[in-house]
Amino acid sequence: MSSAFFIPTVNFMGAGCLTDAVNAVQSHGFKKTLIVTDKVIKQIGMVKQLTDLLTERDIVSVVFDGTQPNPTTGNVVAGLALLKENNCDSVISLGGGSPHDCAKGIALVAANGGKIADYEGVDQSAKPQLPLISINTTAGTASEMTRFCIITDESRHIKMAIVDKNTTPLISVNDPELMLAKPASLTAATGMDALTHAIEAYVSIAATPITDAVAIKAIELIQAHLRTAVSDGQNIEAREQMAYAQFMAGMAFNNASLGYVHAMAHQLGGFYDLPHGVCNAVLLPHVQRYNAQVCPERLRDVAKAMGVDVAELTAEEGANAALEAIQVLSKDVGIPAGLKDLNVEAKDISILADNALKDACGFTNPKQASHEEISAIFAAAM
């Protein structure tokens, strides 16, 4: 079976690599760039750090800091207007998954026209987006290096999954120095997001030996370093290892895709405006319990990567051990126990299940579910 492998052309990794990345931006000859970020990143001084580096290299920058935590169609429209008004030749996203996704939406529509909703689904665009350089400040979403773009449609109250090779950034940047001192809750949520990416890619029906290798290594690194990154936000070693982990998890799901955890979490985010990583973390063991019906061997591998001695365990026992290890890690880093803690209401489960079944991320889940089964998973996660 043929497959394609998607990844940015250049990926800068490690402490201090931001300077190397800006040098690369200069080498491409860009003259005026739109920086897409959020107000918090601007307030803590990271935008000025970047604009100073760009100015030193004679690159003019225009800042759009209107990205919301779950970026919306309106955010894309506003950012696109600023880009066009200033005739920018490139886009730089600075932050976590929200600025990256918003920037992808802006860059894709800038090159292809229309509106971002036109590109919902898989490979709906005709042309590559405007050149995008994505600078990461969290270790979780891997949006800085993937072809996935998630935008909330405000009119329908759903998250649109745009999976398009043309949204792959030109350059990704993971400098752990930009990830220091982030709040423990954010570190936990993004870290569990990365774990979800790795596990869903590993059990995906589109998995390959390449995606398997990076998924398992990502799980091992998250198990080893997430607790430290959460408890000691200034630990540069833990931050750097988590940056590698989330990047490898991104390599995995960018090519093997995802499953029902994401398909369901997108609905919670779109309907209630909840944090994506937290929704993933709560749903992860419940969806994998459903998947264990068809891929217990794969989940046994996940348990081993999470430090469980599986030598004497059957596939089914190993799968159960994986679920327990996921829940222990989630509890250790302070993730809420269930969806009720996030104020999700049981009366909404039917419509959430309806929309989850339409989400492109669910198409590669190892077992396809009925509406009743998705509803039951939501109920179990309450």
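The first residue of the sequence shown is numbered 1, and numbering continues consecutively from there. Values below: all heavy atoms of this structure, side chains included; hydrogens, waters and symmetry mates excluded.
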Hydrophobic clustering (ILVMFWY, side-chain heavy atoms < 4.5 Å, transitive) - are [Y] and [X] grouped together?
{"X": "I116", "Y": "I150", "result": "no"}
{"X": "M192", "Y": "L258", "result": "no"}
{"X": "V333", "Y": "V302", "result": "yes"}
{"X": "I171", "Y": "L108", "result": "no"}
{"X": "M145", "Y": "F5", "result": "yes"}

Check whether any side-chain N or O of [X] sits under 3.5 Å from a backbone N or O of [Y] as a donor-acceptor pair, and report yes or no.
{"X": "D309", "Y": "A311", "result": "yes"}
{"X": "E120", "Y": "A117", "result": "no"}
{"X": "N70", "Y": "G270", "result": "no"}
{"X": "Y260", "Y": "I377", "result": "no"}
{"X": "D153", "Y": "I158", "result": "no"}
{"X": "N86", "Y": "L82", "result": "yes"}
{"X": "N235", "Y": "A229", "result": "no"}
{"X": "Q267", "Y": "A263", "result": "yes"}
{"X": "D359", "Y": "M264", "result": "no"}
{"X": "N254", "Y": "M251", "result": "no"}

Would you say the side-chain atoms of [X] and [Y] include a donor-acceptor pair closer than 3.5 Å?
{"X": "Y272", "Y": "D348", "result": "yes"}
{"X": "T73", "Y": "E154", "result": "yes"}
{"X": "N166", "Y": "S125", "result": "yes"}
{"X": "D193", "Y": "T141", "result": "no"}
{"X": "K104", "Y": "S143", "result": "yes"}
{"X": "N87", "Y": "K32", "result": "no"}
{"X": "H100", "Y": "N136", "result": "yes"}
{"X": "Q288", "Y": "N291", "result": "yes"}
{"X": "N174", "Y": "Q246", "result": "yes"}

Does a sphere of radius 6.0 Å around [atom1] in [X] hold more than 12 heavy atoms from other residues, nucleotides or ligands, not counting ones at 6.0 Å or beyond?
{"X": "K367", "atom1": "NZ", "result": "yes"}
{"X": "I351", "atom1": "CD1", "result": "no"}
{"X": "Q368", "atom1": "CD", "result": "yes"}
{"X": "K304", "atom1": "NZ", "result": "no"}

Taking all atoms of both residues into account, what is the closest heavy-atom pair of [X] and [Y], and its distance?
{"X": "V109", "Y": "Y119", "result": "CG2-CE1, 4.2 Å"}
{"X": "I35", "Y": "T51", "result": "CD1-CG2, 3.6 Å"}
{"X": "L268", "Y": "C279", "result": "CB-SG, 3.8 Å"}
{"X": "A281", "Y": "S330", "result": "CB-OG, 4.1 Å"}
{"X": "A111", "Y": "P128", "result": "CB-O, 3.1 Å"}
{"X": "E240", "Y": "P176", "result": "OE1-CG, 3.5 Å"}

Contact between [X] and [Y] at the side-chain level, heavy atoms closer than 4.5 Å - yes or no?
{"X": "L195", "Y": "L226", "answer": "no"}
{"X": "R57", "Y": "N23", "answer": "yes"}
{"X": "I151", "Y": "P71", "answer": "yes"}
{"X": "F253", "Y": "E200", "answer": "no"}
{"X": "C88", "Y": "T33", "answer": "no"}
{"X": "V10", "Y": "F12", "answer": "yes"}
{"X": "L178", "Y": "V173", "answer": "no"}
{"X": "T190", "Y": "M179", "answer": "no"}

What distance do [X] atom [atom1] and [Y] atom [atom2] have between them, rounded to the nearest 0.5 Å?
{"X": "L94", "Y": "E144", "atom1": "CG", "atom2": "CD", "value": "12.0 Å"}
{"X": "S350", "Y": "N355", "atom1": "OG", "atom2": "CG", "value": "9.5 Å"}
{"X": "D65", "Y": "K39", "atom1": "CG", "atom2": "NZ", "value": "4.5 Å"}
{"X": "H286", "Y": "M382", "atom1": "NE2", "atom2": "CE", "value": "11.0 Å"}
{"X": "D89", "Y": "L34", "atom1": "CG", "atom2": "CG", "value": "10.5 Å"}
{"X": "R239", "Y": "T138", "atom1": "CZ", "atom2": "OG1", "value": "9.5 Å"}

Q: Give a yes or no on whether a salt bridge exists between E220 and K217, defined as a side-chain N under 4.0 angstrom from a carboxylate O.
A: yes
Q: Could you tell me whether D354 and K358 have a side-chain N and a carboxylate O separated by less than 4.0 Å?
A: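 No salt bridge links D354 with K358.
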Q) Which class fits the ring pair H276 and H266: parallel under 30°, tilted 30 to 60°, perpendicular over 60°? A)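 Because their plane-to-plane angle is under 30°, the rings of H276 and H266 count as parallel.
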(Q) Once you measure the plane-to-plane angle for F30 and H28, does it fall in the parallel (<30°), tilted (30-60°) or perpendicular (>60°) bin? (A) parallel
Q.
Could you go through E177 and L18, starting from their C-alpha distance and side-chain angles, then the distance that decides it, and tell me whether this counts as side chain to side chain contact (heavy atoms under 4.5 Å, CB included)?
A. CA-CA 9 Å; E177 290 181 356; L18 178 61; over 6 Å; no
Q: Start with the C-alpha gap between N75 and T67, add the side-chain angles, then the distance that decides, and say whether side-chain hydrogen bond (donor to acceptor under 3.5 Å, both in side chains) holds.
A: CA-CA 6 Å; N75 295 161; T67 306; 5.6 Å; no
Q: Would you sort out whether D164 and R147 count as a side chain to side chain contact (heavy atoms under 4.5 Å, CB included), showing the intermediate values?
A: CA-CA 5 Å; D164 196 311; R147 60 195 170 109; 5.7 Å; no
(Q) The test is side chain to side chain contact (heavy atoms under 4.5 Å, CB included); show your working for F247 and I7 and say whether it passes. (A) CA-CA 10 Å; F247 186 87; I7 192 172; 4.2 Å; yes
Q: Could you walk me through whether L132 and L170 pass side chain to side chain contact (heavy atoms under 4.5 Å, CB included), step by step?
A: CA-CA 5 Å; L132 172 63; L170 176 68; 5.8 Å; no
**Q.** Y202: which of T211, D212, D301 passes side chain to side chain donor-acceptor pair (under 3.5 Å)
**A.** D301
